2 protein chains.
Amino acid sequence: MEPIDIFKALSNETRLNILLWLKDPEKHFPKQGAHLPKEVSYKGGVCVGDIQEKAKVSQSTVSHYLNMMQKAGLLESVRYGQWTYYRRNEEAISQFAEYFKTEI
Amino acid sequence: MEPIDIFKALSNETRLNILLWLKDPEKHFPKQGAHLPKEVSYKGGVCVGDIQEKAKVSQSTVSHYLNMMQKAGLLESVRYGQWTYYRRNEEAISQFAEYFKTEI
DNA sequence: TTGACATATATAGAAATATCGATATAATAG
DNA sequence: CTATTATATCGATATTTCTATATATGTCAA
């Protein structure tokens with residue numbers, strides 16, 4: 001876990017918003033999950049296209065952002081067929097919160 | 001308190017180090033405090049010149065960094081004569097740690 | 001006041017990052 | 001196989017950040 005990478009990932013408003021939206025996918029991505037059986041969809045996260053639509057940046061930009069956030073450890077992804085679902089890596093996030101509280 | 005500004009301030013290794021060094025000034029700036037009476041020096045923080053020497057960047061860069069970190073709320077400064085002493089703004093920092101834990 | 005030193009600000013070139021359109025890849029449907 | 005859809009990657013350009021030099025401001029001491 002590289003603190004600098006995490007801080008960089010969070011120092012952009014769109015990326016920070018994505019992380020916050022993913023705290024409550026049902027609320028922020030209401031029409032998502034059309035592709036897949038219900039029991040899979042939210043648990044697996046939100047697909048790139050839905051995030052892009054909400055974030056209002058180009059598809060390539062959102063893909064880049066998600067990749068960056070995943071590399072930083074904030075997100076994790078699962079692929080179902082042609083869709084990649086991103087969700088928060090809660091363990092890494094709360095681990096980092098703890099690091100911040102004690103070490104920073 | 002603007003989270004984005006705080007994340008930006010912390011997304012540079014030198015700036016992050018400065019914040020960490022200032023957790024224990026006696027340890028990281030052993031020869032500091034030559035200018036002033038003991039009871040004032042550490043309580044008031046560490047002067048720009050000492051931070052510059054440790055950080056090994058130019059004087060203008062360190063001044064710029066410290067200003068940025070102060071604007072983000074991470075540091076506060078006191079001026080004694082011609083010296084400006086910077087120290088951590090512990091209240092803001094732990095407030096932000098709490099924000100991170102609960103909101104991010 | 002003058003000169004020496006500490007810090008701040010202005011500016012500018014270099015480096016890094018952001019962001020888009022285009023293209024590539026991969027999965028699925030027909 | 002071919003067409004379609006979702007996502008990833010590439011290449012180019014725009015923007016931001018980094019960091020230095022130069023300059024200005026403020027303080028102290030003689």
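Order of the sequence lines fixes the chain letters, A, B, ..., with proteins taken first and strands second; residue numbering starts at 1 for each chain. Just so you know, these numbers come straight off a predicted model, no measurement behind them.
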Student: Counting N and O atoms only, with roles assigned by atom type, does the side chain of A/R15 sit under 3.5 Å from a partner on the main chain of A/A9, one being a donor and the other an acceptor?
Tutor: yes
Student: Within this structure, what is the CD-to-C1' distance between B/Q70 and C/dT9, rounded to whole angstrom?
Tutor: 15 Å
Student: Is it true that the side chains of A/T61 and A/S58 contain a donor and an acceptor less than 3.5 Å apart?
Tutor: yes
Student: Report whether B/M68 and A/F7 are members of the same hydrophobic cluster (ILVMFWY, side-chain heavy atoms less than 4.5 Å apart, transitive linking).
Tutor: no
Student: What one-letter contact string describes nucleotides 24-30 of chain D from 5' to 3', where B marks a base within less than 4.0 Å of any protein heavy atom, S marks contact via sugar-phosphate atoms alone, and - marks no contact?
Tutor: --BBS--
Student: B/Y85 has an atom OH; how far is it from atom P of C/dA6, in whole Å?
Tutor: 11 Å
Student: So does A/E90 get a backbone contact from the side chain of A/S94, meaning a donor-acceptor N/O pair under 3.5 Å?
Tutor: yes
Student: When every nucleotide of nucleotides 14-22 of chain D is labelled 5' to 3' by its protein contacts under 4.0 Å (heavy atoms), B for base, S for sugar-phosphate only, - for none, what sequence of letters results?
Tutor: ---SSBBBB
Student: Among B/N89, B/L16, B/L19, find the one that has a side-chain contact (heavy atoms from CB on, under 4.5 Å) with B/M69.
Tutor: B/L19
Student: How long is the line joining CD1 of A/I4 and P of C/dT17, in whole Å?
Tutor: 11 Å
Student: Please report the distance, rounded to the nearest Å, between CD in B/Q52 and P in C/dA6.
Tutor: 10 Å
Student: Considering non-hydrogen atoms only, spot the tightest contact between A/P3 and A/Y99 and give its length.
Tutor: CG-OH, 3.4 Å
Student: Rounded to whole angstroms, how far apart are CD on B/E13 and P on C/dA15?
Tutor: 19 Å
Student: Please report the distance, rounded to the nearest Å, between CD1 in A/I51 and P in D/dA6.
Tutor: 14 Å
Student: With sequence neighbours excluded, tell me which residues meet side chain to side chain donor-acceptor pair (under 3.5 Å) with B/K23.
Tutor: none
Student: Might you point out which heavy atoms bring A/K54 and A/W21 nearest each other, and give the distance in Å?
Tutor: CG-CZ3, 3.4 Å
